[in-house]
Amino acid sequence: MPVCVLPEGAGPGAQIPTHLTRIPISLISNNIDISNKTVKGKVVRKGPLVLLAADNFILKTVIQEEDSQADASSINVVLMGTLAKDFNQAVNQGDVVVASGFTVGKSPTVHKDKLHPCNLLMSGDNACIYVARLPPPRDPTSLPAVKRGPALSTEVSTQKYTYVGLGDLKTGSVVNVYGVVVFFKQPFKSRGTEDATQYAKDNIRLAHDNTVNFCSSLKITDQSNQKIGCTIFCEKLEDHPKIFKIGDIVRMHRVKTQFFNDSITLVNTFGFSVVTFDGAVGTNVEPRTSSRSVHFDQKDCQTVEELRSWAASQALIPSVPTTPLSAVQPKAYFDLTCQLLAKAPLDTTCTLLRVWDGTRCPHTLLKVIVEPNVTVGPTSFSTDRENLIADILVYDNHVEFARQLKPGDFLRIYNLRAIPGSSKVPGLTSSQPVEVDHLAFHLHGGTAYGRGIRVLPQNSPDVQELKRAIEAFPEDDELNDSALLEIWGTPPESLASLRASERNCTHDIEPVTLSELKRFNLGRVHHVRAQLRSYKPHRLHQALKLYCSKCSSMQDIPDDEVVAHLFLEASKEPGPCSAPPWLLSGQIDAPKDNPGSLKRALTVHLSSQLMSESRTKELIFLMGSTLEETRQLASGYQNIVPVRSSGGHLTLLDLSAPFLFRGRRKYYGCRRCSEPALRELCTEGVELIDETIIAKALGIQLLQYVLLMAFEVQDATDTLEAFLWRDAESFFGVSPEEVAANQEAQNCIHQTMDSLCPPGGSTGQRPWLDLCLMASRTEDDGGQKQPSYQICHTAFTKPPSTHSDPEPA
DNA sequence: GGTTAGGTTTCG
C-alpha cells in the first residue's frame, strides 16, 4: 500500500516501521545515504493529478517541515504511478505526511520557486507516504471558520456543522442556524464602539475603539414558524448577509442567543460567518458570500431546498417583490429595481438619483433641475429616454451611501415613497412650477421598514431581467447637452502650480485659447490650458478597447456572457479528437464553481518538450472548461490556451474568445489578421513563455489593450472634445493591459478622473490641465472630413492638496 | 472574546 493513512488520533510516528529514521529536509542532498530515511512535513501545495499515458499518473506536491518557514525546509515531491493517484485521493492540503523510499533528484525549479535545491522522486514499490490525521473535533460549533487553501484548491472540508432549528433555541448558547428572511435592513452605520461616556470616564481611547461598525437587522423563520430577530455587527460591509429580498435564505454560523423583550434574538459572535441563497424554488443553490472559505455540501443544498418549498407553501414570499415604475401608486411605499443613470448632490442632506427601469410611469413625474456641473453622469438625455427617467430624492443617511454609487450601477431601493403633489424640493428652480399632479419619489431618512439602497451584482437574475427590459430601448447617441457654456476665467500664471497635468513634448510653442485653436489649420500641434468639463465613458470597461496594430482596427472587449457562451459551445463538441503528436494528453480536476457540484475531469494537453523539462505548469492546452473554470485554473498555470475538438481535430476556439489566459490577464487575437492553427512552440532555451511567443506560434495577430476616452475640455473661450488614446498610458501612468487585469490600476484611473472632474464639485474647483493637442482630420460615417483632436505627450500630475494634511502613505 | 441595536416610516 503506497499511501498509508494512519488511524485517527494516532500519535506522530505511530505505525511507521521502526527501522526508518527521520532526517530534516534541510539536510537532504544528492550525497547522503537515503536508505531507511524518512522526511516529515505538511502538504503546503498539492498539484493536480496529471495523466501521462494510460494508467500512468504524475502529481507534484510541496511539503514543508513544520515549525520552519525557511525556503530550504520546503521541498518538491514528485509522485508517480499509482502512488500519485492514491495520494491525490487520500491526502489533502494541510495534512502532515511522512515519506519513505524516495530518491533524491535535482530540482529543476529551484530558481523559480526558491524551494529546496533537490526534489524527492517517489515511484515503485519501495515508495510510501504515511498520512497522520488529527481526530475530528467533537463540537463543531466551537470551531473557528474552516480555512480553505488557495483559490485553485477544490477541496471541501469534511467538517460537519449542526444546525439548531429556530424553535429549539436556548438562551446563552452559540449556534448555527438556517432561516428564511421575513424582514431585513441593509447594513447601516451603528454608533460604533466609541462610547462617549466611557471615553469621558476613562479618558483613554484605544485605537480599535474608534472603528466604524455596520449593523444589519433581520428577522428569519423556519418550519417551526418561530420568527427570530437577528442583529449582525461587522466592520466590513462584505461580511454582512447579502440579502436582496424577502424570502432569501440565510445560513449563519456562530451566532449567540440572547433574551430581549420576551423573545430570543441572535447576535453574531466570534468566528461568525453567513451565506445567503436565493429563496426561489427551482433556482440554482448558489451561496452568496465574499468569504473564500465556505463549507457547503449536499446536506446544505437539501436544507436550502426544503426551506424554499416550505416558504413557498407558507406564502412567505410576496408575489411581486419590487414594483416597476409603470405600476407605482401615488402615496404608496414600494421597492424599486432600477439602473442609475446620473446623480447630483443637491445639499448636504439630499442627493438626486436619476434612474430608470425600462418602464414608463403613467403619472407625471417631478423633474428636478440641477446645475450641469454638479451632475455625475450625463447631464441630459434624449426626450424618449427622459420620459422613462424617474428622479429620486434620497435624504440624510442615504446621502452618504449615494456618494458611492456610480452611473450604470444596478440598484434596489427599498421603501421608496411616491408623494403626489410634492411641495418643496431642493434644487427645484422657478423655471419649473410646482404642479399638483406631479409624483415625487422620496427615500426618507432613517432605516425604518428596511429603507435603504443596495447595489445588485451583475449576475443577479433581477439584473439580468432589468437589462433585457432596458436593452429594448435604443441608446442615446450623443448627449444633446444644450446647457449654455459657463465662462470660467483662465488661471493667472501664479496659479500654475495647481495644474494637474504637464506636457512632456518637445514642441516649443505658446499656449492658445480653445477658440483660437479651432481657427487654426488642422494637422498641427497646439498647446492649451483647459479644465475638464466632462468625459466619457464613465465606466472604465467601456473605455477599454482592443486594438490591432496591423490593420488599425479597434473593437470592444467581448462581453463576458458572450465569451462564456463560446466556452460552453466549445465544450459541447463531442470527442474523440486527435491531438497533434507533440502534445501529450492528461486530465485534471475542474475547479468546482458550485461547492455542491460534482467533480468533473477536464482534458489537458501538454507539450512533450515542456513535459520532459518538468515545466508542466508553464503552458497547458485546456479542453472542455467553462470560462469561470479557466479563470480559476489560470492561477495555477502560467499560460492556458483553451482548445476544442472540431471535426475530430484539436483546434483553437473562435477568436471572439481570449486565445490565452495568463494569470488575471486575457489575450485576444485579431480575426482579420490572424491565421490561427495549433502549431508546436519552440520552447527550448526560452526562459519565459509569454503571450508574444504563444501568439506567434499559433499564427495569431495579438490585439493590444488600449484606453479610449473623450475629454470635453473648456477654457474661458470655448469647449472642445479631445480624445485620449495613444498616449493614455503615459497620461495615467498605468498600462491599459494592467487596467484590464488589475483593480489597483483601475482605482488609479478612477482617482485621476475624480481629481480632474470631482463628482459633485463645481467647475471652478477643477484643476487646470496643460495639454498638448494634435489636430487632424478624420472622416465621419458620411465621408465628411471632421476635425479631430488627440491629447498627446501629456502626463497627469497630482495637483497639490489644498489642505495641510500629510499625504497618506 | 464583547458593545453597537433591539423593525414600524410619513419632513424635505
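Proteins come first, then strands; the chains are lettered A, B, ... in the order of their sequence lines, and each starts at number 1. Predicted model only: the values in this text are computed from it and were never measured. Values below: all heavy atoms of this structure, side chains included; hydrogens, waters and symmetry mates excluded.
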* Whole-Å distance separating the CG atom of Leu439(A) from the P atom of dG12(B) -> 15 Å
* **Atom-pair distance (OH on Tyr395(A); P on dT10(B)), nearest Å** => 13 Å
* **Partners meeting side-chain contact (heavy atoms from CB on, under 4.5 Å) with Lys189(A) (sequence neighbours left out)** => Val212(A), Phe214(A), Glu400(A)
* Taking side-chain contact (heavy atoms from CB on, under 4.5 Å) as the test, write out the residues that go with Glu744(A), two or more places apart. => Asn742(A)
* Asked: Between dT9(B), dA5(B), dG7(B), which nucleotide has the shortest distance from any of its atoms to the side chain of Lys185(A)?
  -> dG7(B)
* **Listed partners of Arg451(A) passing salt bridge (Lys or Arg N to Asp or Glu O under 4.0 Å), at least two apart** => none
* May I have all residue pairs that pass ring pair (Phe, Tyr, Trp, His ring centres under 6.0 Å) and include part of residues 306-342 of chain A, sequence neighbours excluded? => Phe334(A)-Phe441(A)
* Asked: Of all of residues 257-265 of chain A, which get a heavy atom below 4.0 angstrom from DNA chain B, listed by number?
  -> Gln258(A), Phe260(A), Thr265(A)
* Could you check which of dT10(B), dG6(B), dT3(B) has an atom nearest any side-chain atom of Thr231(A)? => dG6(B)
* Which pair of non-hydrogen atoms, one from Phe473(A) and one from Gly358(A), has the smallest distance, and what is that distance? -> CE1-O, 3.1 Å
* **Options dT10(B), dG2(B), dG7(B), nucleotide nearest the side-chain atoms of Arg417(A)** => dT10(B)
* Please answer whether dG2(B) and Phe270(A) are stacked, defined here as ring centres separated by less than 5.5 Å and planes angled under 30°. => no
* To do: Could you tell me which non-hydrogen atom of Arg308(A) sits nearest to which non-hydrogen atom of Gly279(A), and how far apart they are?
  => CG-O, 3.3 Å
* How close or far is atom C1' of dT9(B) from atom CG of Leu393(A), stated in whole angstroms? -> 17 Å
* Find the distance His444(A):NE2 to dT10(B):P and express it as a whole number of Å. => 7 Å
* To do: Look at the side chain of Lys219(A) and the base of dG7(B), then say whether one donor and one acceptor between them are separated by less than 3.5 Å.
  => yes
* Passes side chain to side chain donor-acceptor pair (under 3.5 Å), Asn747(A) versus Gln743(A)? Steps please. -> CA-CA 6 Å; Asn747(A) 293 346; Gln743(A) 184 64 49; 2.9 Å; yes
* If you measure from the P atom in dT10(B) to the same atom in dG6(B), how many Å do you get, rounded? -> 15 Å
* Contact class for Phe214(A) (heavy atom, under 4.0 Å): base, sugar-phosphate, or nothing? -> nothing
* Residues forming a side-chain contact (heavy atoms from CB on, under 4.5 Å) with Asp239(A), sequence neighbours excluded -> Cys234(A), Lys236(A), Ser290(A)
* **Interatomic distance, Ile228(A) CD1 vs dG7(B) P [rounded to whole Å]** => 13 Å
* To do: Round to the nearest Å and state the distance from Phe441(A) atom CZ to dC11(B) atom P.
  => 19 Å
* For Gly450(A), which contact category applies under a 4.0 Å heavy-atom criterion: base, sugar-phosphate, or nothing? -> nothing
* Asked: Rounded to whole angstroms, how far apart are NZ on Lys189(A) and C1' on dT4(B)?
  -> 14 Å
* Structure fact -> Comparing Cys215(A) with Tyr333(A), nearest DNA chain B nucleotide closer to 5' gives the residue Cys215(A)
* Compare the minimum distances between each of dG6(B), dT3(B), dG7(B) and the side chain of Phe188(A), then state the nucleotide with the smallest one. => dG6(B)
* To do: For Phe183(A) and dT9(B), give me the distance from atom CZ to atom P, rounded to whole Å.
  => 11 Å
* Asked: Using centres under 5.5 Å plus planes under 30 degrees as the test, is Tyr449(A) stacked with dG7(B)?
  -> no
* Structure fact -> From the candidates dT8(B), dT10(B), dG12(B), the one with an atom nearest any side-chain atom of Ala448(A) is dT8(B)
